[in-house]
Amino acid sequence: MTAKLSPVSVIGLGVIGASWTALFLARGMDVVAWDPNRTVQANFEDSVRRSLSHLDELGQIVKSSGKLSFAPTLEEAVSKMQWIQENIPERVDIKRALYKEIEQIASKSAVIASSTSSFTWTELSADLEHKARFITAHPFNPPHLMPLVEIFAADDGIRERARSFYEAMGRKVVLLRKDAVGHIANRLSSALWREAIHIVAEGIADVSDVDAALVNGPGLRWSVIGAHMAYHLGGGNGGIEYYLDHLGPSQERRWATLGNPRLTSDVCQKLISGIAEEAAGRSIEILETERDLALISALRSRRT
């Protein structure tokens, strides 16, 4: 699979583009990169090197790792490629315009994959003449470490081609059966964060304690089993059927108390102050490094 599809095109050289690039290179695929902003190249190469060092720590770089090159134009970046991974900023008008341009110059057999975190396939493909080869392929950040890729494709053959491609990259692929805003994981994350904000806004707990409760409680459990399976086990020997029958009403009572907060200036200030306290002077770069090292440690433990 990798030999057949290599090289691949990475369009948009921000954080997500750099992370995808490192993963593709580590899997032995050559990458041709392009961004409309030519000044981002230096930072991009630094980000790719850092991400590759993470994969090296995990022993996930093949002996014949890929090579990175930069295309001076979009046409040179995509015209000969069979896989195009787009990662430009989350603005639907900019993305649509880019896809329309790519469609005119890319091979008719090329797949155009968007890393969009929120927009739907329907929104993004609206201006395309050949919609079937367009997919949304949302990774969880950072893609080189987080295994998840959520795919929506309108064409069955393209869907299976995408599944095979990302599985060859060592990713855990999940398929959306219906086009949805935020896909699966970001809908779940948004629901959880909404309640986390509500707890802070209502003065139930501070930002740092909400985060600590999540990391040391359900977050730890969810790292090994999903929400549905956790409640199945919560039903004891009777499983999910017992839980729904006997504890379902208590769950509904909890749902009834969940909040729907607004991001007012007061609530925003509570969140900003709370994060400043939790970060304790650590920069974004330091926090990202700590996160990545923790993810590497977690990934190592999952292999044992």
Notebook entry, point to check: Is there side-chain contact between L25 and L55, with at least one heavy-atom pair below 4.5 Å?
Noted result: no
Per side chain to side chain contact (heavy atoms under 4.5 Å, CB included), Y99 is matched among L128, I11, D127, I94 by L128
* To do: Give a yes or no answer on whether the side chain of R300 reaches the backbone of L58 with a donor-acceptor pair at less than 3.5 Å.
  => no
- [ ] Ignoring hydrogens and angles, tell me if any N or O in the side chain of D30 forms a donor-acceptor pair with the backbone of G66 under 3.5 Å.
- [x] no
_Side-chain donor or acceptor of H232 paired with backbone N/O of I240 under 3.5 Å_ = yes
Next on the checklist: Is it the case that over 12 heavy atoms from other parts of the model lie below 6.0 angstrom from the CZ atom of R254?
Outcome noted: yes
Any M146 side-chain heavy atom under 4.5 Å of L295 side chain | yes
request  = Answer with yes or no whether the hydrophobic clustering places L192 together with V200; edges join I, L, V, M, F, W, Y residues whose side-chain heavy atoms lie under 4.5 Å apart.
outcome  = no
Requested in this report: Could you tell me whether K100 and E103 make a salt bridge, using a distance below 4.0 angstrom between a side-chain N and a carboxylate O?
Outcome: no
Side chain to side chain donor-acceptor pair (under 3.5 Å) test vs T116 passes for just one of H183, E90, H138, E123, namely E90
Contacts of R50 meeting side chain to side chain donor-acceptor pair (under 3.5 Å) (sequence neighbours excluded), chain-then-number -> S47
query: Would you say the side-chain atoms of T120 and T122 include a donor-acceptor pair closer than 3.5 Å?
result: no
Using the side-chain contact (heavy atoms from CB on, under 4.5 Å) rule, take Q60 and H144 through it: C-alpha gap first, then chi angles, then the decisive distance, then the call.
CA-CA 10 Å; Q60 294 184 4; H144 71 287; over 6 Å; no
- Spell out, as yes or no, whether a donor-acceptor pair under 3.5 Å connects the side chain of S9 to the backbone of A77. yes
Show your working on side-chain contact (heavy atoms from CB on, under 4.5 Å) between R262 and V267 and close with a plain yes or no.
CA-CA 8 Å; R262 306 297 300 175; V267 169; over 6 Å; no
- Query: Take atom CD in E285; do more than 12 heavy atoms of anything else shown fall under 6.0 Å from it?
  - Reply: no
Output for pair (E167 CD, K172 NZ), nearest 0.5 Å, gives 7.5 Å
Starting from I204, can I reach V210 by hopping between I/L/V/M/F/W/Y residues whose side chains sit under 4.5 Å apart?
yes
| query | Hey, is the main chain of N37 close enough, under 3.5 Å, to the side chain of D35 for a donor-acceptor pair? | reply | yes
When rounded to the nearest 0.5 Å, the distance separating CZ of R159 from CG of D156 is 4.5 Å
request  = Indicate the ring-plane relationship of W20 and Y166, choosing parallel, tilted or perpendicular according to the 30° and 60° boundaries.
outcome  = tilted
ask   = Any sub-3.5 Å donor-acceptor pair from D245's side-chain atoms to E241's backbone N or O?
value = no
Output for pair (H54 NE2, I296 CD1), nearest 0.5 Å, gives 4.5 Å
Nearest heavy-atom contact between I16 and P139 is CG2-CG, 4.2 Å
d(L287 CG, E278 CD) to nearest 0.5 Å is 8.5 Å
Shortest non-hydrogen pair, A126 vs K131, comes out as O-NZ, 3.0 Å
For F134 and S125 the tightest heavy-atom approach is CD2-CB, 3.7 Å
Side-chain donor or acceptor of E195 paired with backbone N/O of G259 under 3.5 Å: yes
Rounding to 0.5 Å, atoms CZ (R221) and CE (M229) come to a distance of 13.0 Å
Between R171 (side chain) and M169 (backbone), is there a donor-acceptor pair under 3.5 Å?
-> yes
**Report entry** Same apolar cluster (I L V M F W Y, side chains within < 4.5 Å links), F140/W222
**Finding:** no
- Stepwise side-chain contact (heavy atoms from CB on, under 4.5 Å) test for F119 and R96: CA-CA 11 Å; F119 294 125; R96 279 184 182 176; over 6 Å; no
Applying salt bridge (charged side-chain N to carboxylate O under 4.0 Å, His left out) to R253 and not counting sequence neighbours gives none
Report task. Please answer whether the main-chain N or O of Q85 pairs with a side-chain N or O of N87 as donor and acceptor at a distance below 3.5 Å. Result -> yes
side-chain contact (heavy atoms from CB on, under 4.5 Å) for E76 and W34? Distances and angles first, verdict last. CA-CA 9 Å; E76 291 180 66; W34 180 84; over 6 Å; no
On a heavy-atom basis, the closest approach of M81 and A110 is O-CB, 3.2 Å
With side chains defined as the heavy atoms from C-beta onward, is the minimum distance between L271 and I275 less than 4.5 Å?
-> no
Is R49 paired with D46 through a side-chain N to carboxylate O contact shorter than 4.0 Å?
yes
Given the options V31, I84, V78, V8 meets side chain to side chain contact (heavy atoms under 4.5 Å, CB included) only with V31
One should read off an interatomic distance between L214 CG and D209 CG, to the nearest 0.5 angstrom, of 12.5 Å
Is Y242 reachable from Y231 through a run of I, L, V, M, F, W or Y residues, each pair having side-chain heavy atoms under 4.5 Å apart? no
Note to self: Test of understanding: clusters of I, L, V, M, F, W, Y form through side-chain heavy atoms closer than 4.5 Å, transitively. Do I112 and I105 belong to the same one?
What the structure shows: yes
Scanning both residues in full, the closest heavy-atom pair of L23 with P143 reads CD2-O, 4.1 Å
Of all heavy-atom pairs linking L68 and A33, the shortest is CD1-CB, 4.1 Å
